[in-house]
Trainee: 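Please read through the structure below; I'll follow up with questions.
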Amino acid sequence: MGYDLIIFDNDGVLVDSEPISNTLLAGYLTELGHPTSYEESIRDYMGSAMHRIHELVEERSGKRLPAEFDEVFHQRVFEGFQRELEPVAGAAEVIERLVDAGVPYCVASSGSHERIRVGHRKTGLDVWFRDGIVFSAEDVGRGKPSPDLFLHAAERMGVAPERCAVIEDSGLGVQAAVAAGMDVYAYTAMTPRERLAGATGYFGAMDELPATLGM
């Protein structure tokens, strides 16, 4: 395989959290007077760090979200995760193959460290993601589509950007990986291929990923 590091997005790639979190986000924004459908939430916010949600809402409405927005939203998300979160089908098997092949990997997510850990514990993926290979937009300040998070992960893992492959399922994530100078493979299970333009390659199921990466 032609890569020294595989960088995974988390939500929608490792844990099947996007339907849960976007349903809750659309509902909460609507409650606060910013009518948002599930489809609009997927389109506008999937892959975003929290600061981007605040910025887009203020840009569109001229109103700021309340100070407690992040805390309330995360609490609702964590409760939703405890009720129904599952791993993305085949994700654990891909990680196991990387381990067996001796290929380093990590996760770089727009979500908070707490959100990542809650999801991994609930799905059993925590056994594959020890401290030191979990990176969050919290670590760099600017989330995707800025390349900062992916560049930070590569630096911490000691791998040059051009030797990294990113696994993403959002347009923002694809943009961030391309801006970081990395190859990016787009998972099309939830996001139409046309909204993932610029990716190095595409795959529709996790069991296709090893061959896509040349394993």
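Every heavy atom of this structure was used, including side-chain atoms; hydrogens, water molecules and symmetry mates were not. Numbers here are sequence positions counted from 1.
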Trainee: Group every Ile, Leu, Val, Met, Phe, Trp and Tyr by side-chain heavy-atom contacts under 4.5 Å, then state whether Leu172 and Tyr45 land in the same group.
Mentor: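 Different hydrophobic clusters.
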
Trainee: Check Ala189 against Gly204 and note the closest heavy-atom contact, atom names and distance.
Mentor: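 Closest approach of Ala189 to Gly204, heavy atoms only: CB-O, 4.2 Å.
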
Trainee: Which heavy atom of Val94 sits nearest to which heavy atom of Pro210, and what is that distance?
Mentor: CG2-CD, 4.2 Å

Trainee: Any idea which heavy atoms bring Pro19 and Met190 closest together, and the distance?
Mentor: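 Closest pair (atom of Pro19, atom of Met190, distance): CD-SD, 3.9 Å.
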
Trainee: Identify whether Phe129 and Val159 are in the same connected component of the hydrophobic contact network (ILVMFWY, side-chain heavy atoms under 4.5 Å).
Mentor: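 In one cluster: yes.
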
Trainee: Checking side chain to side chain contact (heavy atoms under 4.5 Å, CB included) between Arg115 and each of Ser21, Ser110, Ser109, which is the one that passes?
Mentor: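 Testing each of Ser21, Ser110, Ser109 against Arg115, the sole residue satisfying side chain to side chain contact (heavy atoms under 4.5 Å, CB included) is Ser21.
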
Trainee: Report yes if some heavy atom in the side chain of Asp169 is under 4.5 Å from a heavy atom in the side chain of Glu18; otherwise report no.
Mentor: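 Yes, side chains in contact.
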
Trainee: Got a second to check how far Thr188's OG1 is from Arg193's CZ, nearest 0.5 Å?
Mentor: 8.0 Å

Trainee: Would you list the pairs meeting side-chain hydrogen bond (donor to acceptor under 3.5 Å, both in side chains) in which at least one residue belongs to residues 200-210, sequence neighbours left out?
Mentor: none

Trainee: Compute the centroid of each ring, for Tyr185 and then for Phe203, and state whether the two points are separated by less than 6.0 Å.
Mentor: no

Trainee: Check whether any side-chain heavy atom of Tyr28 lies under 4.5 Å from a side-chain heavy atom of Leu24, and answer yes or no.
Mentor: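 Tyr28 does not reach Leu24 side chain to side chain.
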
Trainee: Go through the structure and list residues passing salt bridge (Lys or Arg N to Asp or Glu O under 4.0 Å) with Glu40, not counting sequence neighbours.
Mentor: none

Trainee: Sort out for me which residue in Val107, Leu85, Ile20, Ile116 forms a side chain to side chain contact (heavy atoms under 4.5 Å, CB included) with Val15.
Mentor: Leu85

Trainee: Given side chain to side chain contact (heavy atoms under 4.5 Å, CB included), test Glu168 with Tyr187 step by step and report yes or no.
Mentor: CA-CA 6 Å; Glu168 263 290 351; Tyr187 181 40; over 6 Å; no

Trainee: For the pair Val99 and Tyr105, evaluate side chain to side chain contact (heavy atoms under 4.5 Å, CB included) and give the outcome as yes or no after the intermediate values.
Mentor: CA-CA 9 Å; Val99 171; Tyr105 64 92; 3.7 Å; yes

Trainee: Using side chain to side chain contact (heavy atoms under 4.5 Å, CB included) as the criterion, list what pairs up with Thr191, not counting sequence neighbours.
Mentor: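 Per chain and number, Thr191 pairs via side chain to side chain contact (heavy atoms under 4.5 Å, CB included) with Met46, Arg195, Leu196.
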
Trainee: Under 3.5 Å, is there a donor-acceptor pair between the side chain of Ser48 and the main chain of Ile53?
Mentor: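 Judged by distance alone, no pair lies under 3.5 Å.
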
Trainee: Looking at residues at least two apart in the chain, or sitting in another chain, which of them share a side chain to side chain contact (heavy atoms under 4.5 Å, CB included) with Glu114?
Mentor: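 Result, side chain to side chain contact (heavy atoms under 4.5 Å, CB included) vs Glu114: Phe78, Ser112, Val118.
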
Trainee: Look at the aromatic rings of Phe69 and His54 and report parallel, tilted or perpendicular, splitting at 30° and 60°.
Mentor: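 Rings of Phe69 and His54: perpendicular, over 60°.
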
Trainee: Tell me yes or no: between the side chains of Glu55 and His51, is some donor less than 3.5 Å from an acceptor?
Mentor: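 Side-chain D/A pair, Glu55 to His51: present.
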
Trainee: Heavy-atom distance under 4.5 Å between the side chains of Leu209 and Phe8, does that happen here?
Mentor: yes

Trainee: Indicate yes or no for a side-chain donor-acceptor contact from His34 to the backbone of Thr30 under 3.5 Å, with no hydrogens or angles considered.
Mentor: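 Not a single qualifying donor-acceptor pair exists.
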
Trainee: With side chain to side chain contact (heavy atoms under 4.5 Å, CB included) as the criterion, how do Lys144 and Phe150 come out once you've worked through the C-alpha distance, each side chain's angles and the decisive distance to 0.1 Å?
Mentor: CA-CA 9 Å; Lys144 306 164 189 177; Phe150 288 140; 3.7 Å; yes

Trainee: Closest approach of Ile7 and Ala153, non-hydrogen atoms and distance?
Mentor: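 Taking every non-hydrogen atom into account, CD1-CB, 4.4 Å.
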
Trainee: How far does NE2 of His74 sit from CD of Glu68, to the nearest 0.5 angstrom?
Mentor: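 Those atoms lie 14.0 Å apart.
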
Trainee: Between Leu5 and Ala154, what is the shortest heavy-atom contact and its length?
Mentor: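 Heavy atoms only, the tightest pair is CD2-CA, 4.2 Å.
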
Trainee: If you round to the nearest 0.5 Å, how far is OG of Ser17 from CD of Glu86?
Mentor: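 Interatomic distance, Glu86 CD to Ser17 OG, rounded to 0.5 Å: 12.0 Å.
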
Trainee: CZ/Arg142 to CZ/Arg52 distance, rounded to the nearest 0.5 angstrom?
Mentor: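 Between Arg142 CZ and Arg52 CZ, I get 13.5 Å after rounding to 0.5 Å.
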
Trainee: Applying a strict under-4.5 Å side-chain criterion to I, L, V, M, F, W and Y, I'd like to know whether Leu29 and Tyr38 cluster together.
Mentor: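 Looking at the clustering, Tyr38 is in a separate group from Leu29.
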
Trainee: May I ask you to check whether over 12 heavy atoms, not counting those of Glu79, lie within 6.0 Å of atom CD?
Mentor: yes

Trainee: Mark yes when over 12 heavy atoms from residues, nucleotides or ligands other than Arg60 sit less than 6.0 Å from its CZ; otherwise mark no.
Mentor: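 Enclosed: over 12 neighbouring heavy atoms sit under 6.0 Å from CZ of Arg60.
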
Trainee: Any side-chain hydrogen bond (donor to acceptor under 3.5 Å, both in side chains) involving residues 125-134? Give me the pairs, sequence neighbours left out, ordered by first then second residue.
Mentor: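 side-chain hydrogen bond (donor to acceptor under 3.5 Å, both in side chains) check on residues 125-134 returns Arg117-Asp131.
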
Trainee: If I take atom CD from residue Glu93 and atom CE from residue Met206, how far apart are they, to the nearest 0.5 angstrom?
Mentor: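 With rounding to 0.5 Å, CD (Glu93) is 10.5 Å from CE (Met206).
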
Trainee: For the residue pair Asp183 and Tyr3, confirm or rule out a side-chain donor-acceptor distance under 3.5 Å.
Mentor: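 Yes.
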
Trainee: Is any side-chain heavy atom of Lys63 closer than 4.5 Å to one of Val57?
Mentor: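 No; the side chains remain at least 4.5 Å from each other.
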
Trainee: Would you indicate whether Arg43, at its atom CZ, is surrounded by more than 12 heavy atoms from other residues, nucleotides or ligands within a distance under 6.0 Å?
Mentor: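 Above 12, so yes.
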
Trainee: Would you kindly say whether Glu71 and Gln75 are connected by a side-chain donor-acceptor distance under 3.5 Å?
Mentor: no

Trainee: Can you list everything that forms a side chain to side chain contact (heavy atoms under 4.5 Å, CB included) with Ala91? Sequence neighbours excluded, please.
Mentor: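 Applying side chain to side chain contact (heavy atoms under 4.5 Å, CB included) to Ala91 gives Leu14, Val88.
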
Trainee: Would you say that Met215 contacts Leu98 through its side chain, given a criterion of any heavy-atom pair below 4.5 Å between the two side chains?
Mentor: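 Yes, at least one pair of side-chain atoms sits under 4.5 Å.
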
Trainee: Does the pair Gln175 and Val178 meet the rule for a side chain to side chain contact (heavy atoms under 4.5 Å, CB included), with working shown?
Mentor: CA-CA 5 Å; Gln175 292 173 45; Val178 170; 5.9 Å; no

Trainee: Quick one: does Leu125's side chain get under 4.5 Å of Ile95's, heavy atoms only?
Mentor: no

Trainee: What pair of heavy atoms forms the shortest contact from Pro147 to Ala180, and how long is it?
Mentor: CB-N, 3.6 Å

Trainee: Give the cluster check for Phe81 versus Leu25: same hydrophobic cluster or not, with ILVMFWY residues linked at side-chain heavy-atom distances below 4.5 Å.
Mentor: yes

Trainee: Do His113 and Phe135 have side-chain heavy atoms sitting under 4.5 Å apart?
Mentor: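 They are not in side-chain contact.
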
